[in-house]
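Reading through the structure tokens given below for one structure.
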Amino acid sequence: MNQSDPRPDPQDSLAHEPAAGSLSARARAAVAPQSPYLNGLNPEQRAAVEATEGPVLVLAGAGTGKTRVLTTRIAHLIATGKAYPSQILSVTFTNKAAREMRERITAVIGPVAEGMQWLGTFHSIGTKILRRHAELVGLRSDFTILGTDDQLRLMKQVIEAEGIDEKRWPARQLAGHIDGWKNRGLGPDQVPAGEAGAFANGKGGRLYRAYQERLKTLNAVDFGDLLLECLRLWREHPDILEQYQNRFRYMLVDEYQDTNVAQYLWLRLLAQARKNLCCVGDDDQSIYGWRGAEVDKRGAEVDNILRFEHDFPGATVIRLERNYRSTGHILSAASGLIAKNQGRLGKTLRTEDEPGEKVTITGAWDSEEEARLIGEEIEALHAKKHSLSEIAILVRISAQMREIEDRLVTLGVPYRVIGGPRFYERAEIRDALAYLRVVNQPADDLAFERIVNTPKRGLGDATIQVLHNHARAARVPLMEAARFIVETDELKPKPRGTLRDLLISFGRWAKLSETMSQSEVAQTVLEESGYTDMWQKDKSADAAGRLENLKELVRSMEEFPDLQSFLEHVSLVMEANESDTVERVSLMTLHAAKGLEFDTVFLPGWEEGLFPNQRALDESGRAGLEEERRLAHVGITRARRRAKIYFASNRRIHGLWNSTVPSRFIDDLPESNVEVAEAPANFSYGGSRFDRMQPFSGSSYQTPGWQRAQAHRASTDDGGYSARRSGDRRGPMLIEGELVAKSTGGSGFKLGGRVLHTKFGPGTIEAVDGNKLTVEFDKAGRKMVLDSFVEALG
DNA sequence: TGGAGGGGCATTTTT
DNA sequence: TGCCCCTCCA
């Protein structure tokens with residue numbers, strides 16, 4: 001490929017555009033050197049790259065070189081002259097994925113990749129399209145993209161305006177509904193009556209419509225609109241749709257299994273004409289069903305990916321099943337697990353790598369011990385010179401992180417939490433952006449409202465209400481209403497003066513932005529408004545971090561030509577620059593781990609109720625269970641060499657200790673690829689306790705995996721009296737060991753006797769049933785416990 | 001108007 | 001158990 005090729009971009013110009021496959025295009029392809037980029041692809045990958053025409057579904061299992069196929073395919077399209085970079089639509093879900101793809105394409109084909117102006121997320125591409133045709137959907141091209149917090153504030157206003165009690169019908173809930181509708185591609189008029197009525201006694205649909213109207217008046221859109229408005233644009237203006245259909249000769253979609261209905265419709269409209277749509281995904285890694293990645297118009301649960309062949313007849317389906325990531329046992333364990341799912345297209349991953357280590361399963365007495373065991377293993381790996389950056393701990397819910405973090409802090413193991421609030425979702429960033437938005441666009445009411453009293457300057461609800469009333473009556477933006485109000489005596493002198501000062505400041509900053517660089521303006525605004533000061537005076541632990549984030553924000557602004565373009569860019573693609581040179585263990589949710597890989601992966605919390613998550617089961621039944629299982633599959637397949645599963649028999653949920661049962665997913669793992677971990681020296685107590693957990697365990701303890709776990713335990717521990725590691729801080733355990741032995745011959749506890757439980761503390765025995773005691777604990781209330789868990793007092 | 005404390009609540013989350 | 005939101009009071 002000639003990298004300095006100054007070919008004109010055929011788009012938006014009258015430049016001659018050789019048709020794909022035309023003589024000149026073929027001639028050009030013939031001139032191009034043989035395609036070195038195809039080297040090293042396996043036959044399936046190569047097929048996926050070369051099947052350029054018509055609909056193609058690439059089922060790419062974990063670690064099968066999916067990104068490589070995508071990037072090579074693009075390189076191939078360009079190198080063979082089938083399309084110019086600007087004629088390829090390439091969609092990803094995250095900005096990170098888009099960035100990485102661009103980098104990798106550049107590495108293969110050189111700077112021509114810069115011409116890929118349609119490589120990005122659904123949302124960024126949607127934005128680009130909407131800005132071009134904004135007026136056709138009732139927007140101006142400089143529309144603002146609202147973040148979640150702005151959305152919520154707006155919905156609150158809408159709810160109040162309709163005279164609905166916001167406490168009874170919280171904005172958050174409405175946001176959920178609207179979000180769901182938008183995910184399914186439904187505008188206010190298309191929501192099924194039954195659903196629209198579900199909120200606020202039948203007013204759901206009306207609120208949705210009112211919300212959309214408010215957005216339009218504010219010249220704003222939310223994330224969902226970025227797709228929905230495109231759909232509307234294309235449906236109402238077929239000529240424009242046609243432009244895009246012609247423009248995008250080839251379309252590629254990454255992570256297709258995660259597309260929601262709106263995205264699916266968006267793609268289908270575009271692909272209708274040329275049908276050169278290549279979707280890459282893995283039905284076994286579909287873990288965002290709850291976010292609208294399923295459920296079609298008829299309400300049936302149908303994954304887009306499962307019906308691709310139906311929607312695109314004659315589609316080529318290519319399976320990538322050669323895994324280049326994990327060792328044999330890990331891969332077989334994951335395959336065995338996912339094979340238990342029914343709703344799947346079916347793939348069997350294989351590897352030519354060595355079997356490697358088996359997946360380990362370790363039981364812990366409680367979540368604290370679980371964290372300790374993980375900590376110890378990490379230390380051991382570190383001692384063996386394993387890099388900490390190659391270790392990850394993947395949890396089901398964020399709440400699990402706390403105990404693990406505590407442990408890592410105690411051990412002094414450096415770690416980082418991945419995920420959490422995005423950079424631009426952080427309060428301080430949103431605040432700073434709001435200031436800049438007002439400077440840039442004084443009519444931005446949402447931004448104005450956000451910062452009018454941040455930092456606190458005595459312009460509270462009362463003042464805002466006055467402004468609102470005027471703004472509404474005079475149909476002007478808040479800022480303009482404020483200008484008017486400060487000239488009247490409607491406000492008390494103090495707030496009036498403050499407000500006037502603020503208006504003067506904004507006038508000054510707006511003027512500054514004409515001469516100063518945008519980062520200097522930002523700096524000045526943040527200082528003069530007292531915003532930086534506010535955080536400097538803040539004594540809370542994260543204030544320093546927030547100031548750091550603000551600096552980062554100002555720094556990142558330098559890359560943009562002006563404030564306007566910075567703001568346009570920022571709402572979609574801002575991310576914190578992680579300049580991290582220290583090696584750290586990564587801690588994140590399973591969801592956040594998708595797409596990542598590590599040598600060693602710790603998977604704590606494999607317990608019924610937590611994982612599979614009870615709520616997923618309650619709300620979505622079998623579909624929920626299968627999604628949870630896919631999540632487990634994603635977890636295991638993140639590991640290259642070591643996957644370590646843990647469960648605890650006791651876990652604190654919302655502050656209360658619950659006894660738990662190992663996850664059914666443990667039993668889904670093929671026996672031959674799994675080993676029950678050597679019982680740690682201090683674990684035998686737990687082991688002996690597990691043996692007595694039956695009354696609490698429901699039926700699951702009978703399952704093969706559980707029996708395996710027990711059998712192994714019996715062979716590796718010595719009946720509950722293993723030498724305890726010295727220094728174990730849990731002193732009373734030895735006593736409990738004795739109690740275990742004692743209680744085998746029957747209960748030695750009497751009604752009314754006082755006992756001490758390691759977790760629940762002291763209590764009085766209220767009933768005895770075999771080895772089960774009902775104890776009224778002084779602090780924890782009445783519980784049924786096993787006698788082996790308590791020590792007789794006095 | 002704003003800080004302090006009580007009540008309710010508590011998956012997963014790109015854009 | 002801890003957090004967030006809301007209300008109450010200074």
Separation of B/dT14 atom P from A/Asp222 atom CG, nearest Å, is 16 Å
Verify whether one side chain among A/Glu628 and A/Gln614 offers a donor that lies under 3.5 Å from an acceptor in the other. no
Atom CG of A/Asp406 to atom C1' of C/dG2: distance rounded to whole Å? 12 Å
Would the distance check show the side chain of A/Glu428 and the main-chain N or O of A/Asn549 forming a donor-acceptor pair, the cut-off being under 3.5 Å? no
Could you tell me if the ring centre of A/His591 sits under 6.0 Å from that of A/Trp290? yes
Phosphate OP1/OP2 of B/dT1 contacted by A/Thr463 side-chain N/O (<4.0 Å): yes
Please report, rounded to the nearest Å, how far the P atom of B/dT14 is from the CG atom of A/Leu596. 13 Å
A/Phe93 ring over B/dT14 six-membered base ring, under 5.5 Å and 30°: no
Between A/Glu607 and A/Ser663, do the side chains contain a donor N or O and an acceptor N or O under 3.5 Å apart? no
Which whole-number value in Å describes the distance from A/Ile145 CD1 to B/dT14 C1'? 14 Å
To the nearest angstrom, the CD-P distance between A/Glu255 and B/dT15 comes to 12 Å
Measuring from the side chain of A/Arg652 (C-beta onward, heavy atoms only), which nucleotide among B/dT15, C/dT1, B/dT1 has the closest atom? C/dT1
For the residue pair A/Tyr531 and A/Trp535, does the interplanar ring angle fall in the parallel (under 30°), tilted (30 to 60°) or perpendicular (over 60°) class? perpendicular
Taking A/Val280's backbone N and O only, do any of them form a donor-acceptor pair with A/Glu255's side chain (distance below 3.5 Å, no angle check)? no
Round to the nearest Å and state the distance from A/Asn95 atom CG to B/dT14 atom C1'. 8 Å
A/Gln285 CD to B/dT14 P: how many Å, rounded? 17 Å
Establish, from distance only, whether the side-chain atoms of A/Asn260 and A/Tyr288 form a donor-acceptor pair under 3.5 Å. no
Within the sub-3.5 Å range, which N or O atoms of nucleotides 6-13 of chain B have a protein N or O partner, and how far apart are they?
from   : atom 1 : to       : atom 2 : distance (Å)
B/dT12 : OP1    : A/Ser398 : N      : 3.1
B/dT12 : OP1    : A/Ser398 : OG     : 2.9
B/dT12 : O4'    : A/Arg396 : NH1    : 3.2
B/dT12 : O2     : A/Trp290 : NE1    : 3.3
B/dT12 : O2     : A/Arg396 : NH2    : 3.1
B/dT13 : OP1    : A/Thr589 : OG1    : 2.7
B/dT13 : O4'    : A/Arg291 : NH1    : 3.4

Check whether any side-chain nitrogen or oxygen of A/Asn260 sits under 4.0 Å from OP1 or OP2 of B/dT14, and answer yes or no. no
Atom-to-atom span, NZ of A/Lys456 to P of B/dT1 - whole angstrom: 11 Å
